There are 2 protein chains.
Amino acid sequence: MTQNVYKQHDHHSCVDEALTRARRLCEQNGQRLTPVRQRVLEMVWANHKPVGAYDLLPKLAEEGFNSAPPTVYRALDFLLDLGLIHRISSLNAFIGCNHPGEDHPSCFFVCRECGKAQELDASLMRSLATKAEQDLGLKVEQQMTELMGLCPACQKEAS
Amino acid sequence: MTQNVYKQHDHHSCVDEALTRARRLCEQNGQRLTPVRQRVLEMVWANHKPVGAYDLLPKLAEEGFNSAPPTVYRALDFLLDLGLIHRISSLNAFIGCNHPGEDHPSCFFVCRECGKAQELDASLMRSLATKAEQDLGLKVEQQMTELMGLCPACQKEAS
DNA sequence: ACAATTCTGTTATATTATAACCTAAACTTT
DNA sequence: AAAGTTTAGGTTATAATATAACAGAATTGT
């Protein structure tokens, strides 16, 4: 079951599991999880907030990695291709995927206060795609949904 | 009823209606549909393809308008605020809205071949938001969905 | 007519992303 | 292990998208 990022959880194991999944997925696909790629993935998973490409550059630099834009974009593109991360278009930012490997629509809620993003169940998205295909004869290949608003904690603070 | 942009239609009346709705909406809200704003809206409606801000600049220049980025972004922001256009985040582009005034999620299909975008019925989006609010206690304030794929005509050409 | 507000002009710059070309590392075949 | 092939990374430059900040003009309200 997809966890709730707005509740307390063992975040260390969160990241661990993401890395384990990543390693397995790379192996299955004959891809290499190189040091830059792995560190970028870990950084994306640092908290549950979508992270911008240019936020990663200085962090990579600190660790002695090369830090020009192409480095980070290549790593991000690699992770996107494998489905290990999603891109949040409305924020120009990237977030870890909870169930890579399974082909699925990108569907997130982002809290406008704390910035944390929760991946949502995408079954309604699939229905939407099916409906569009049936009603209008479209062929849907990709889809993304982004919701914005307040998470439970930030609603309380606002009141 | 929302029309189907992938079928032949009287596009002139398409634009006309959009302008009429815009004028009415501005009046209702005490806003001014100035020349730049109106031309930008017309240009966004020129065809059913999402248009980038920087595509508009030279067109405005041709017509003697000032053409620096802030000019077009201001007009676009104005139109967005009134709900007369939507932003397609995954394309950094803008498209006319079929039913401005009614507050509704942005929900589009974009054909990757011909580039035309069709606004879709957003009721399933609303269900998704409601579900997220009920299940996770979120407060959804905005939402957008973008589907990509092939429209009926472009599917035929591909075969 | 005056003040207040809204809109536009202008310059500069921030932010996000990619092109192009070259070097290095890793796999592959013998 | 050597040679060839593929894949990944380094580097420089630049493209594409978006906003800040401030001044001046037009419009609105009184």
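All values reported here derive from a predicted model rather than from experimental measurement. Heavy-atom basis, side chains included; hydrogens, waters and symmetry copies ignored. First the proteins, then the strands, lettered A, B, ... as listed; each starts at 1.
- No donor-acceptor distance shorter than 3.5 angstrom exists from the side chain of Glu119(A) to the backbone of Phe109(A), with no hydrogens or angles considered.
- For Asp55(A) (side chain) and Gly52(A) (main-chain N/O), a donor-acceptor pair under 3.5 Å exists by modelled atom type.
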Starting from the C-alpha separation in whole Å, work towards a yes-or-no answer on side chain to side chain donor-acceptor pair (under 3.5 Å) for Glu17(A) and His12(A).
CA-CA 9 Å; Glu17(A) 286 165 27; His12(A) 184 64; over 6 Å; no
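- Of the possible polar contacts, none joining the Gln142(A) side chain to the Met148(B) backbone as a donor-acceptor pair under 3.5 Å is found.
- The main-chain N or O of Val110(B) is never found under 3.5 Å from a side-chain atom of Gln118(B) such that the two would form a donor-acceptor pair.
- As a whole-Å value, the separation of Tyr54(B) OH from dA15(D) C1' is 11 Å.
- Put simply, CG on Leu82(B) and SG on Cys97(B) are 11.0 Å apart, with the number rounded to the nearest 0.5 Å.
- With rounding to the nearest 0.5 Å, the separation of SG in Cys26(A) from CG in Leu79(A) is 8.0 Å.
- Remark: side-chain polar atoms of Glu157(A) are not paired, donor with acceptor, to backbone N or O of Glu113(A) under 3.5 angstrom.
- Protein chain A touches strand DNA chain C; the 5'-most and 3'-most nucleotides with an atom under 4.0 angstrom of its non-hydrogen atoms are dT16(C) to dA26(C).
- Using a 4.0 Å cut-off on heavy atoms, the residues of residues 30-53 of chain A that approach DNA chain C are Arg32(A), listed by number.
- For Asn66(A) and dT11(D), the shortest distance from a side-chain N or O to OP1 or OP2 is below 4.0 Å.
- Taking a 4.0 Å limit (strictly below) on heavy-atom distances, residues 72-86 of chain B reaches DNA chain C at Arg74(B).
- The distance between atom CG of Leu91(B) and atom P of dA16(D), rounded to the nearest whole Å, is 16 Å.
- Comparing Asp55(B) and Thr71(A) against DNA chain D, the residue whose closest nucleotide sits nearer the 5' end is Thr71(A).
- In this structure, His99(B) and His104(B) have tilted ring planes: the angle between them lies in the 30° to 60° band.
- Using a 4.5 Å heavy-atom threshold, the side chains of Tyr54(A) and Val72(A) count as separate.
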